Amino acid sequence: MQRPDKPSDEQTARLKAGADAPGTPARRRGFRVAHRTTGQQISWLLKQADRHGFTIPTAPTTEPAPGLRIDELLTPAPAVALTARDVLRFHKRTNGPRVTVSTATFQGRLRVTDPDTLRNALLAGIGPAKGYGQGLLTLAPPPRGGPAGLNGSTPRPRG
């Protein structure tokens with residue numbers, strides 16, 4: 001069972017109730033613990049990519065502008081950025097349990113590896129909070145032969 005490092009009052013009560021009830025079967029269901037840092041959230045997306053029919057290519061690294069120097073070597077990174085994060089808290093029903101959902105919005109580039117699997121991800125969403133309207137993917141066409149954009153990355157018209 002996953003246990004949060006700092007359980008809320010409600011989680012503490014659930015943990016205590018499960019441990020103190022004699023003769024009750026062991027709790028099968030744990031607590032979902034959100035990925036809270038930018039690194040955790042981007043890592044989560046990178047792990048989901050293969051399962052959902054796409055990869056996230058490496059962002060190009062370019063030389064610094066003339067007159068600028070870099071003291072350390074540039075490390076290639078995924079072509080994705082975390083553009084927004086939020087925490088939503090609400091009750092499922094009146095006097096029902098409180099739900100907390102950590103959201104993340106990504107923008108970047110992707111490469112389609114399995115069109116059918118990606119199509120399913122576009123229709124059904126990805127991640128555990130789909131039932132709360134999260135996990136939706138939006139794609140934009142590639143800018144002149146490049147990889148497709150992820151979540152609202154739209155090419156600007158030239159000319």
Side-chain angles (χ1 to χ4, degrees), residues 1-21 24-61 74-143 146-156:
M1 174 188 328
Q2 247 188 353
R3 292 175 184 255
D5 291 334
K6 296 178 182 177
S8 67
D9 293 340
E10 186 175 307
Q11 289 170 333
T12 302
R14 283 179 54 199
L15 287 168
K16 188 174 185 321
D20 292 346
T24 57
R27 242 185 104 68
R28 288 186 174 90
R29 216 172 149 182
F31 296 99
R32 284 203 176 269
V33 180
H35 294 299
R36 294 183 180 174
T37 68
T38 300
Q40 289 172 333
Q41 291 171 331
I42 288 176
S43 292
W44 176 85
L45 178 65
L46 294 173
K47 288 176 187 171
Q48 297 298 309
D50 264 349
R51 289 182 48 207
H52 296 291
F54 64 94
T55 60
I56 297 177
T58 302
T61 55
L74 293 175
T75 306
V80 66
L82 184 61
T83 60
R85 299 179 345 162
D86 199 4
V87 176
L88 308 174
R89 292 182 176 91
F90 53 91
H91 291 273
K92 283 185 173 182
R93 57 190 168 279
T94 307
N95 297 325
R98 186 170 93 174
V99 176
T100 302
V101 177
S102 292
T103 68
T105 302
F106 302 95
Q107 184 172 345
R109 302 203 180 281
L110 63 78
R111 183 169 290 116
V112 177
T113 56
D114 183 343
D116 291 332
T117 303
L118 179 59
R119 187 175 299 112
N120 187 48
L122 286 167
L123 294 172
I126 65 173
K130 295 184 297 277
Y132 301 115
Q134 303 300 308
L136 304 176
L137 297 174
T138 305
L139 298 182
L150 173 64
N151 271 8
S153 172
T154 55
R156 295 184 178 205

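Note that this is a predicted model, so its numbers are computed, not measured.
- Under a cut-off of 6.0 angstrom, the local environment of CZ in R98 is sparse, with at most 12 non-hydrogen atoms contributed by other residues, nucleotides or ligands.
- The two residues W44 and G127 come nearest to each other via the heavy atoms CZ2-CA, 3.6 Å.
- The salt bridge (charged side-chain N to carboxylate O under 4.0 Å, His left out) contacts involving residues 38-59 comprise nothing, where partners must be two or more places apart or lie in separate chains.
- Inter-residue side-chain proximity for Q134 and L136 is flagged as unmet; no heavy-atom pair is nearer than 4.5 Å.
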(message) Would Y132 and V99 count as a side chain to side chain contact (heavy atoms under 4.5 Å, CB included) here? Give the steps.
(response) CA-CA 10 Å; Y132 301 115; V99 176; 3.9 Å; yes

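- The heavy-atom pair separating Q41 from F106 by the smallest distance is O-CZ, 3.4 Å.
- The OG atom of S102 sits 10.0 Å away from the CD atom of Q40 when rounded to the nearest 0.5 Å.
- Summarising the geometry, atom CZ belonging to R109 is positioned 13.5 Å from atom OG1 belonging to T58; distances are rounded to the nearest 0.5 Å.
- Here L139 contributes atom CG and L110 contributes atom CG; the two are 5.5 Å apart, rounded to the nearest 0.5 Å.
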(request) Run the numbers on L82 and T105 for side chain to side chain contact (heavy atoms under 4.5 Å, CB included), then give the verdict. (result) CA-CA 6 Å; L82 184 61; T105 302; 5.7 Å; no

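- Residues V101 and V87 form no side-chain contact, since every pair of their non-hydrogen atoms from C-beta on lies 4.5 Å or further apart.
- Checked against side chain to side chain contact (heavy atoms under 4.5 Å, CB included), L46 has the following partners two or more places apart in sequence or in another chain: I42, I56, P78.
- When all heavy atoms of G96 and H91 are compared, the pair lying nearest together is O-ND1, 3.0 Å.
- Inter-residue side-chain proximity for I126 and L137 is flagged as met; some heavy-atom pair is nearer than 4.5 Å.
- Remark: side-chain polar atoms of T103 are not paired, donor with acceptor, to backbone N or O of R85 under 3.5 angstrom.
- Under the 3.5 Å distance criterion, the side-chain polar atoms of H52 are left unmatched by any main-chain donor or acceptor of A121.
- T113 contributes atom OG1, which lies 8.0 Å from atom CG of L118 (distance to the nearest 0.5 angstrom).
- Residue pairs meeting the salt bridge (charged side-chain N to carboxylate O under 4.0 Å, His left out) criterion with at least one member in residues 114-128, sequence neighbours excluded: D116-R119.
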